[in-house]
Amino acid sequence: QVQLVESGGGLVQAGGSLRLSCAASGRTISSYAMGWFRQAPGKEREFVAAISWSGGSTFYVDSVKGRFTISRDNAKNTMYLQMNSLKPEDTAAYYCAAEKAYGLARTSGWYDYWGQGTQVTVSS
């Protein structure tokens, strides 16, 4: 079992930055691809970014390309999401997840383990 805990969310003005962390425990995540998803009130959970087990490959949803950067430190069993130039439409609960079967999944169904989420609110 892998336990995931997100942190780093908060309230920020438009144009600001936040860095989310996803700390894993219970098992090393070095063999897992990882992803970030988000869910705004009244909307479905959507894919944000994914990173391969080695960190060598990444993928982003178009709406965050050039603004968000996903990274990982397997030695610390932690994944990150650096979010710059934040917009009000980025407001959501952000969730990290881990999967092994696909490798760089963009669909939530591939993910085996999920965190509880951290809230990001961007004011205009």
Side-chain angles (χ1 to χ4, degrees):
Q1 290 287 335
V2 176
Q3 291 80 43
L4 302 173
V5 178
E6 303 94 338
S7 62
L11 173 64
V12 63
Q13 289 187 332
S17 299
L18 284 174
R19 188 194 195 203
L20 305 184
S21 298
C22 173
S25 61
R27 187 177 294 181
T28 178
I29 59 169
S30 59
S31 61
Y32 288 82
M34 305 288 292
W36 286 98
F37 289 76
R38 65 187 180 186
Q39 187 167 18
K43 296 187 176 181
E44 293 186 354
R45 189 170 296 188
E46 68 166 347
F47 169 80
V48 176
I51 187 167
S52 61
W53 66 270
S54 68
S57 297
T58 58
F59 189 83
Y60 300 89
V61 68
D62 285 347
S63 60
V64 308
K65 282 181 181 177
R67 301 189 297 122
F68 290 12
T69 302
I70 189 171
S71 63
R72 65 191 296 163
D73 186 338
N74 287 340
K76 294 183 178 180
N77 231 26
T78 303
M79 176 181 65
Y80 306 96
L81 186 68
Q82 177 66 44
M83 305 187 296
N84 299 328
S85 302
L86 282 161
K87 304 176 181 179
E89 50 264 43
D90 294 318
T91 295
Y94 282 71
Y95 300 88
C96 66
E99 61 92 359
K100 184 178 284 190
Y102 189 89
L104 203 63
R106 304 153 203 177
T107 305
S108 60
W110 282 102
Y111 287 83
D112 304 301
Y113 303 104
W114 291 85
Q116 293 299 306
T118 185
Q119 179 67 35
V120 172
T121 303
V122 185
S123 63
S124 58

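Note that the structure is predicted; figures quoted are calculated from it, not measured.
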Could you tell me how the ring of Tyr102 sits relative to the ring of Trp110: parallel (under 30°), tilted (30 to 60°) or perpendicular (over 60°)?
tilted

Please work out which of the three classes, parallel, tilted or perpendicular, describes the rings of Phe68 and Tyr94, given edges at 30° and 60°.
tilted

With the side chain counted from C-beta on, respond yes when [X] and [Y] share a heavy-atom pair under 4.5 Å apart, and no when they do not.
X      : Y      : answer
Arg45  : Trp114 : yes
Thr69  : Tyr60  : yes
Val2   : Asp112 : no
Val12  : Met83  : no
Thr118 : Ser7   : no
Phe37  : Phe47  : yes

Counting only N and O atoms by type, is there a donor-acceptor contact under 3.5 Å from the side chain of [X] to the main-chain atoms of [Y]?
X      : Y      : value
Gln13  : Ser123 : no
Thr121 : Thr91  : no
Arg67  : Ser85  : yes
Ser30  : Thr28  : no
Arg106 : Gly35  : no
Asn77  : Ala23  : no

Side chain to side chain contact (heavy atoms under 4.5 Å, CB included) test vs Leu81 passes for just one of Val120, Ile51, Leu18, Ile70, namely Ile70

Specify the closest pair of heavy atoms between Gln1 and Gln3, including all atoms of both residues, with the distance to one decimal.
CB-NE2, 3.6 Å

Electrostatic pair Asp90:Lys87 at N-O distance under 4.0 angstrom:
no

Going hydrophobic residue to hydrophobic residue with side-chain gaps under 4.5 angstrom, can you get from [X] over to [Y]?
X      : Y      : answer
Trp53  : Tyr111 : no
Val48  : Phe59  : yes
Tyr113 : Tyr80  : no

For atom CD of Gln116, is the number of surrounding heavy atoms from other residues, nucleotides or ligands below 6.0 Å larger than 12?
no

Is the number of heavy atoms from other residues, nucleotides or ligands under 6.0 Å of Lys65 NZ greater than 12?
yes

